[in-house]
There are 2 protein chains.
Amino acid sequence: MELDLPSASADPAFRRIPPHLLDGFVAHDLPRGCLFATPGDLRNQVLIIESGRLRVYLAGENRELSLSFLEPGDIYTTHTPTYVEAVVTTRVWLMETVAFARKLASDPSVTPVMMRVLGRLLVNAVNLIEDLAFREVPARLARFLTGMAERRGRPLDGGIWLLPLDLGTEDIASLLGSTRQTVSSLLNQWEREGILQRQGRRVFYIYQLDTLRRLGTPI
Amino acid sequence: MELDLPSASADPAFRRIPPHLLDGFVAHDLPRGCLFATPGDLRNQVLIIESGRLRVYLAGENRELSLSFLEPGDIYTTHTPTYVEAVVTTRVWLMETVAFARKLASDPSVTPVMMRVLGRLLVNAVNLIEDLAFREVPARLARFLTGMAERRGRPLDGGIWLLPLDLGTEDIASLLGSTRQTVSSLLNQWEREGILQRQGRRVFYIYQLDTLRRLGTPI
DNA sequence: GAAAAACTGTCGGCCAGCCGACGGACCTCG
DNA sequence: CGAGGTCCGTCGGCTGGCCGACAGTTTTTC
């Protein structure tokens with residue numbers, strides 16, 4: 001087995017991974033559309049994304065629910081009953097969980113990293129449960145947009161936020177547990193109301209972040 | 001600080017906890033109804049239940065969603081945004097997560113235990129997400145009952161299953177993300193149809209486990 | 001043992017939003 | 001640059017189930 005090395009031009013988020021953490025991992029290139037994991041898989045693996053994007057999702061009969069999009073620097077473990085698909089060509093570093101358990105035993109510095117990874121996955125899962133159980137789709141969408149604005153957005157003059165978001169309407173609907181018709185309808189209504197504006201599929205301008213916050217927090 | 005010891009008559013599931021795992025934990029007795037944790041809590045703790053029962057739940061405006069009922073032997077960590085309430089008088093063993101992190105660093109044998117705990121919580125959370133997103137209440141209830149029958153039930157003669165279940169209708173509804181009216185209506189319909197029978201609030205007799213399995217798996 | 005509290009069963013109005021369908025717009029590929 | 005593929009916008013029928021209300025039953029407390 002040939003041991004690959006991270007390329008020097010790797011994504012900064014991936015380069016922040018402590019080098020010793022990658023010891024024992026093996027690089028794999030996944031073509032776009034590749035279904036990397038399914039719920040019935042018996043092999044559990046730990047994976048770290050170097051480049052590209054993976055979508056983790058659950059499948060219903062007529063639609064899918066995306067739990068997350070994994071990006072460079074993200075760590076994930078596939079023991080949950082989910083599908084994992086490469087949205088674009090993606091390079092990941094993999095280790096079977098059995099081998100990873102040995103790594104944990106021999107290198108205690110890895111433990112806090114993994115506890116944080118699992119903890120974050122758990123918090124995200126609980127937040128999604130809360131959304132699905134208690135919030136209607138408009139509130140979910142508003143919360144999603146305000147959360148992304150706070151994480152990825154850039155404030156411009158006059159209280160306007162620029163939000164680069166490489167997600168289509170169907171992607172957003174999938175993350176919220178809704179349908180593209182419902183999300184499309186809401187986005188267009190909010191555009192007509194002057195709350196936001198869509199520019200192509202990659203950029204939102206948010207004119208009324210406060211209004212979105214209010215929409216995300218029903219009284 | 002007085003160090004308590006587990007009583008000799010403790011629940012077998014609790015007594016299966018490795019003794020060294022309890023090192024550093026402190027016993028607390030929580031009265032019935034005690035709200036032990038809320039989403040805003042800044043203190044994150046690891047807890048192990050010796051006796052009693054805790055309910056972990058999310059709160060909406062008009063109802064609650066119970067994520068789980070914790071019982072003797074269960075380990076939980078409160079860093080997710082949930083409420084934790086003592087359903088009956090409950091004795092738990094507690095440690096702050098900061099101290100627990102030091103324990104993990106100094107005693108690597110604890111790591112696999114905690115990885116399994118977090119992993120199980122994650123799998124349960126993902127299963128609930130799948131239910132909420134894709135399954136209607138009858139399917140959720142059927143899956144709940146068949147799952148509990150397989151875990152806690154006892155087969156009797158003639159294909160009948162005895163399922164001791166110390167949960168009221170409202171408890172079951174809360175676990176499924178539904179309302180007591182909906183669950184009550186379904187249980188009574190299934191009783192009229194001869195699929196099951198409720199005996200008091202603590203015991204189900206399941207006459208048609210196959211039918212329940214089918215109801216839990218929509219085509 | 002009675003009163004109070006808690007839980008359950010039932011009913012029906014109401015509505016959020018899913019989903020199939022269709023046409024248009026945009027993007028990709030050859 | 002055109003064809004094909006993919007995505008988006010809109011529409012409206014339909015339905016699952018929430019929830020307020022009320023009465024009855026069971027359990028708990030004193």
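Worth saying up front: this structure is predicted, and the values here are computed from it rather than measured. Order of the sequence lines sets the chain letters (A, B, ...), proteins ahead of strands, with each chain counted from 1.
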Short side-chain N/O contact to C:dC18 OP1/OP2 from A:Thr179, under 4.0 Å: yes
The side chain of B:Val137 is closest to which nucleotide in this list: D:dG9, D:dC22, D:dC18? D:dC18
Round to the nearest Å and state the distance from B:Glu61 atom CD to D:dC18 atom C1'. 13 Å
Please figure out whether B:Arg32 or A:Gly177 has its closest DNA chain C nucleotide nearer the 5' end. B:Arg32
Pairing donors with acceptors under 3.5 angstrom, does anything connect the side chains of A:Thr179 and A:Thr182? yes
Exercise: do B:Ser66 and B:Arg55 side chains pair donor with acceptor under 3.5 Å: yes
Does a side-chain N or O from A:Asn188 land closer than 4.0 Å to OP1 or OP2 of D:dT10, or not? yes
Phosphate OP1/OP2 of C:dC7 contacted by B:Thr169 side-chain N/O (<4.0 Å): no
A:Arg91 side chain vs A:Leu30 backbone, donor-acceptor pair below 3.5 Å: no
By nearest atom, which of the nucleotides C:dA21, D:dG17, C:dG9 is closest to the B:Glu136 side chain? D:dG17
Whole-Å gap separating P (C:dC18) and CG (A:Asn62): 11 Å
Please tell me whether B:Tyr57 and B:Glu85 have a donor and an acceptor in their side chains that are separated by less than 3.5 angstrom. no
Ignoring hydrogens and angles, answer whether the base of C:dG20 and the side-chain atoms of A:Gln181 contain a donor-acceptor pair closer than 3.5 Å. yes
